[in-house]
Amino acid sequence: QVQLVESGGRLVQIGGSLRLSCAASGRKVGNYAMGWFRQAPGKERDFVGRVFGSGGAGYYADSVKGRFTISIDSAQNTVALQMNDLKPEDTGVYYCAAGPLYSAVDQVYQYDYWGQGTQVTVSS
């Protein structure tokens with residue numbers, strides 16, 4: 001199995017950028033679909049985007065398309081979420097998750113492994 005640890009969350013201004021990182025251990029990210037989710041206070045955990053750890057284009061929620069990008073660093077065994085033009089509605093705890101490779105996974109229940117989350121707050 002794989003263990004995931006997110007980092008990089010902080011307070012950022014509206015319109016700013018932030019890069020989150022997810023460090024994997026135990027197994028290579030290339031064996032999984034790697035997803036990012038977020039959860040705002042009092043709300044359900046929502047899909048943000050995913051990529052296959054083996055490479056290829058990402059798939060993103062409409063709310064972040066064109067602003068967020070997921071990338072894989074196979075050498076470091078990490079997954080990054082680059083977030084640009086941040087908005088207050090992007091505020092939440094961001095989670096990295098690993099699911100079955102080559103599956104169109106965009107639901108919480110489809111992912112097997114989760115990190116502990118990192119807080120992102122977007123404010124003026």
Side-chain angles (χ1 to χ4, degrees):
Q1 61 181 19
V2 63
Q3 293 80 43
L4 304 171
V5 178
E6 303 93 336
S7 62
R10 61 174 174 85
L11 175 66
V12 62
Q13 289 189 330
I14 295 171
S17 296
L18 192 62
R19 187 176 181 88
L20 304 182
S21 183
C22 173
S25 61
R27 292 199 72 191
K28 294 292 187 181
V29 295
N31 293 298
Y32 300 97
M34 298 302 300
W36 283 93
F37 289 75
R38 65 188 180 189
Q39 189 166 17
K43 295 190 176 181
E44 294 185 349
R45 193 170 298 187
D46 290 332
F47 173 77
V48 172
R50 61 148 168 88
V51 294
F52 295 137
S54 54
Y59 174 77
Y60 301 92
D62 288 343
S63 59
V64 306
K65 202 172 295 183
R67 300 188 297 123
F68 289 14
T69 304
I70 300 173
S71 59
I72 300 286
D73 186 331
S74 298
Q76 297 295 321
N77 211 30
T78 58
V79 184
L81 177 66
Q82 177 67 42
M83 305 185 291
N84 299 324
D85 188 24
L86 283 161
K87 305 175 181 182
E89 52 264 40
D90 295 319
T91 294
V93 178
Y94 281 70
Y95 296 91
C96 174
L101 189 60
Y102 302 129
S103 297
V105 287
D106 59 2
Q107 302 294 318
V108 170
Y109 74 89
Q110 294 174 308
Y111 284 80
D112 302 306
Y113 305 101
W114 293 84
Q116 83 291 348
T118 186
Q119 176 70 46
V120 172
T121 303
V122 183
S123 176
S124 56

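What you see is a predicted model; the values in this text were computed from it and never measured.
When all heavy atoms of Gly53 and Ser74 are compared, the pair lying nearest together is O-OG, 4.5 Å. Of all the heavy atoms in Ser21 and Thr78, the pair that sits closest is OG-CB, 4.3 Å. In terms of heavy atoms, Leu11 sits closest to Ser123 at CD1-CB, 4.0 Å. Nearest heavy atoms, Leu20 versus Gly9: CD2-N, 3.5 Å. What you find for Arg19 and Ser71 is that their closest heavy atoms are NH2-OG, 3.6 Å. Scanning all heavy atoms of the two residues, the minimum distance from Asp73 to Gln76 falls at OD1-N, 3.1 Å.
No continuous path of hydrophobic side-chain contacts links Phe52 to Val79 [ILVMFWY only; heavy atoms under 4.5 Å]. Under the 4.5 Å side-chain heavy-atom criterion for ILVMFWY residues, a single connected hydrophobic cluster contains both Val105 and Phe37. A single hydrophobic cluster is seen to contain both Tyr59 and Tyr111, as judged by linkage of ILVMFWY side chains at heavy-atom distances under 4.5 Å, directly or through other members. Put simply, Trp36 and Phe47 are part of two different groups of oily side chains (I, L, V, M, F, W, Y) that touch within less than 4.5 Å, one to the next. Ile72 and Val64 fall within a single hydrophobic cluster, where Ile, Leu, Val, Met, Phe, Trp and Tyr are joined by side-chain heavy atoms under 4.5 Å apart, directly or via other members.
Ring-plane geometry between Tyr94 and Phe68 is classed as tilted, the angle between the planes lying from 30 to 60 degrees on a 0 to 90 degree scale.
For the pair Met34 and Val2, the minimum side-chain heavy-atom distance is 4.5 Å or more. Side-chain atoms of Gln82 and Ser17, non-hydrogen and from C-beta on, do get closer than 4.5 Å to each other. Using a 4.5 Å cut-off on side-chain heavy atoms (C-beta onward), Val5 and Gln3 make no contact. Looking only at side-chain heavy atoms (C-beta outward), Pro88 and Ile14 come within less than 4.5 Å of each other. Using a 4.5 Å heavy-atom cutoff, the side chains of Met83 and Val12 are not in contact. Put simply, the side chain of Asp112 reaches to within 4.5 Å of the side chain of Pro100, judged on heavy atoms.
Side chain of Thr91 to main chain of Val122: a donor-acceptor pair is present (N/O by atom type, distance under 3.5 Å, no hydrogens or angles). Side-chain atoms of Tyr60 come within 3.5 Å of backbone N or O of Ile70 as a donor-acceptor pair. In this structure a side-chain-to-backbone donor-acceptor pair under 3.5 Å is present from Arg67 to Asp85. In terms of modelled atom types and a separation under 3.5 Å, the side chain of Tyr95 and the main chain of Gln39 share no donor-acceptor contact. In this structure a side-chain-to-backbone donor-acceptor pair under 3.5 Å is missing from Asn84 to Gly66. Side chain of Glu6 to main chain of Cys96: a donor-acceptor pair is present (N/O by atom type, distance under 3.5 Å, no hydrogens or angles). Judged by distance alone, with hydrogens and angles left aside, the side-chain atoms of Asn31 form no donor-acceptor pair with the main-chain N or O of Leu101 at under 3.5 Å.
Of the inter-residue distances, the one linking Gln13 atom CD with Leu86 atom CG reads 11.0 Å to the nearest 0.5 angstrom.
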Original post:
Going through the distances and angles, do Trp114 and Val108 end up as a side chain to side chain contact (heavy atoms under 4.5 Å, CB included)?
Top reply: CA-CA 10 Å; Trp114 293 84; Val108 170; 3.7 Å; yes
Subject >> Chi angles and distances behind the side chain to side chain contact (heavy atoms under 4.5 Å, CB included) call for Lys87, Ser63 >> reply: CA-CA 10 Å; Lys87 305 175 181 182; Ser63 59; over 6 Å; no
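Tyr113 OH: more than 12 foreign heavy atoms inside a 6.0 Å radius. Applying the 6.0 Å contact sphere to CD of Gln116 captures more than 12 heavy atoms from other residues, nucleotides or ligands. More than 12 heavy atoms of other shown residues, nucleotides or ligands fall within 6.0 angstrom of atom CD in Glu89.
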